[in-house]
Amino acid sequence: MKISLIAIALLFTATVLAEPVKYADRLNIESTAFSGPREIMISLPESYENGSHNLYPVIYTVRGQLDMLAVIAAIDMLSSEAPEFIVVGITGTGAEFIPAEEGEQSAFSVLLHNDVIPYIEEHYRTAPYSILVGHSAAGKFVTNDWLRGGRDFSSYFAVSPELHDGKINTWAMSLSQEEVDSKNSLLISMGNEDQRMQMMFDELKGLASFETTVNFIQFEDQTHMSGRVNTVMMGLRNSFKDWRPAKKVESGKFEGLQAHYLELSERYGYEVAIPLETMKRESAFHSASNIEERWQVAANIVEYALSKSPNDADEFIGIADEMVGYGMVEGSHRLLSYICEHASEHQRCKR
């Protein structure tokens with residue numbers, strides 16, 4: 001069994017390493033705020049086009065032309081700890097991120113809320129969960145957007161926001177506890193910055209009204225630029241605690257795995273699908289076992305997966321074929337038999 005576990009791990013490592021690196025597609029949408037086209041970038045999860053009808057949470061990245069890649073890198077590093085995301089990058093310049101007068105909406109805010117979000121929600125399968133991310137001047141924009149409303153996104157990540165002029169702090173200190181508590185969570189990070197930035201950050205961190213709604217991260221060993229990936233990673237880990245099931249649940253009875261993802265669905269407000277890679281891995285693990293009870297678990301996984309997405313039969317057949325190369329011949333035949341019970345019209349099942 002130990003040899004089989006190692007072989008399955010190697011099998012999936014080889015599969016992952018073979019995947020090409022993806023970034024984003026670029027397109028122009030009409031902007032009512034700026035009376036013309038505005039370029040946005042969209043990165044879809046690998047599983048988006050697999051024929052399923054899954055919904056995906058969205059991360060909107062302000063100043064996407066510079067910071068979107070850092071967001072995608074953070075998501076990739078947490079592939080088993082957080083959901084797959086649609087990532088949207090909005091192009092913009094520093095001057096556009098300057099907030100309007102307190103409480104008013106800037107042109108870039110109109111672009112985000114009135115143009116970009118409606119376009120994404122109309123054209124893509126979005127879940128009712130979203131995050132707004134911005135760095136430096138764009139981080140100030142994110143903080144300002146939170147102060148102005150604070151409920152349009154499920155969470156807000158402000159990475160080393162520009163705080164020098166003190167306007168964010170002045171507005172923050174004017175909010176009542178009730179106003180702060182009505183908002184969704186805000187994460188503010190700070191690297192090793194100049195004295196003025198650090199002073200403003202410490203002042204915000206010291207606000208008693210912020211204790212339960214705002215999280216602060218200080219990166220002593222990061223510069224103004226290098227904290228972007230780390231901030232998004234920590235923000236996602238905090239937002240999606242216990243996302244991946246414990247190993248004993250993941251590799252136990254299928255009912256336990258289903259229950260875990262049902263609980264996630266209830267917690268986040270949309271159907272969280274069991275990842276295909278998880279089902280492929282666990283079906284191989286259980287099929288290759290010398291414990292007969294586990295074979296039924298593999299059969300249950302395949303039945304469930306193909307009932308959700310019949311086109312995934314090719315994915316499972318591919319894993320069954322790979323198992324042969326790793327010496328798991330009996331397990332491969334077993335897995336193939338489960339697949340053919342539910343995909344009898346597949347060419348491999350007619351042999």
Side-chain angles (χ1 to χ4, degrees), residues 1 4-5 7-9 11-12 15-16 44-57 79-85 125 127 129 240 242-324 328 330-350:
M1 178 53 61
S4 294
L5 287 172
I8 290 170
L11 187 161
F12 276 86
T15 301
V16 170
L44 297 176
E46 184 181 342
S47 65
Y48 189 90
E49 302 293 352
N50 70 357
S52 73
H53 298 286
N54 295 344
L55 302 181
Y56 296 86
S79 59
S80 64
E81 300 178 51
E84 294 182 285
F85 282 91
R125 300 195 307 272
Y129 193 101
F240 297 97
D242 303 319
W243 180 263
R244 182 172 182 174
K247 191 60 185 174
K248 66 180 181 180
V249 173
E250 194 170 60
S251 296
K253 293 183 177 181
F254 188 54
E255 293 79 4
L257 190 63
Q258 286 180 293
H260 176 83
Y261 283 94
L262 178 60
E263 193 278 328
L264 291 181
S265 300
E266 293 173 349
R267 187 191 310 176
Y268 293 104
Y270 70 98
E271 183 181 359
V272 179
I274 304 173
L276 176 60
E277 292 304 308
T278 298
M279 292 192 286
K280 287 162 56 180
R281 181 181 63 248
E282 296 306 319
S283 68
F285 166 69
H286 290 291
S287 296
S289 174
N290 56 9
I291 302 173
E292 190 170 347
E293 181 182 358
R294 292 189 180 276
W295 302 347
Q296 185 58 50
V297 178
N300 292 343
I301 291 173
V302 172
E303 179 182 11
Y304 175 86
L306 298 188
S307 71
K308 292 286 187 179
S309 181
N311 292 336
D312 286 341
D314 287 332
E315 296 282 343
F316 284 93
I317 287 173
I319 289 301
D321 290 344
E322 291 286 344
M323 290 171 68
V324 174
M328 295 177 282
E330 290 187 10
S332 171
H333 292 165
R334 201 173 288 128
L335 180 57
L336 188 60
S337 72
Y338 302 148
I339 297 166
C340 288
E341 285 181 25
H342 306 284
S344 59
E345 296 303 311
H346 196 283
Q347 184 178 355
R348 284 291 300 278
C349 299
K350 293 180 179 180

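Just so you know, residue 1 is the first one in the sequence shown, and it goes up from there.
Atom CD of E330 is surrounded by 12 or fewer heavy atoms from other residues, nucleotides or ligands within 6.0 Å.
A salt bridge between K280 and D312 is absent, with no side-chain N of the basic residue lying under 4.0 Å from a carboxylate O of the acidic one. Salt bridge present: E282 and K247 bring a charged side-chain N and a carboxylate O closer than 4.0 Å. In this structure, E277 does not pair ionically with R281, as no charged nitrogen and carboxylate oxygen lie closer than 4.0 Å.
Judged as a ring-ring contact (aromatic ring centres under 6.0 Å, His included), and not counting sequence neighbours, W295 has no contacts. In this structure E81 satisfies the salt bridge (charged side-chain N to carboxylate O under 4.0 Å, His left out) test together with R237, sequence neighbours excluded. For P310, there are no side-chain contact (heavy atoms from CB on, under 4.5 Å) partners two or more places apart in sequence or in a different chain. Under the side-chain contact (heavy atoms from CB on, under 4.5 Å) criterion, Q296 pairs with A299, N300, not counting sequence neighbours. Every residue two or more places apart in sequence or in another chain was checked for a salt bridge (charged side-chain N to carboxylate O under 4.0 Å, His left out) with E255, and none qualifies. Annotation: side-chain contact (heavy atoms from CB on, under 4.5 Å) contacts of D314 (sequence neighbours excluded): H346.
In this structure, a donor-acceptor pair under 3.5 Å is absent between the side chains of S283 and Y338.
The aromatic rings of W243 and Y261 lie perpendicular to each other, with more than 60° between the two planes, well past the 30° mark.
Between F85 and Y48, the ring center distance fails the sub-6.0 Å criterion.
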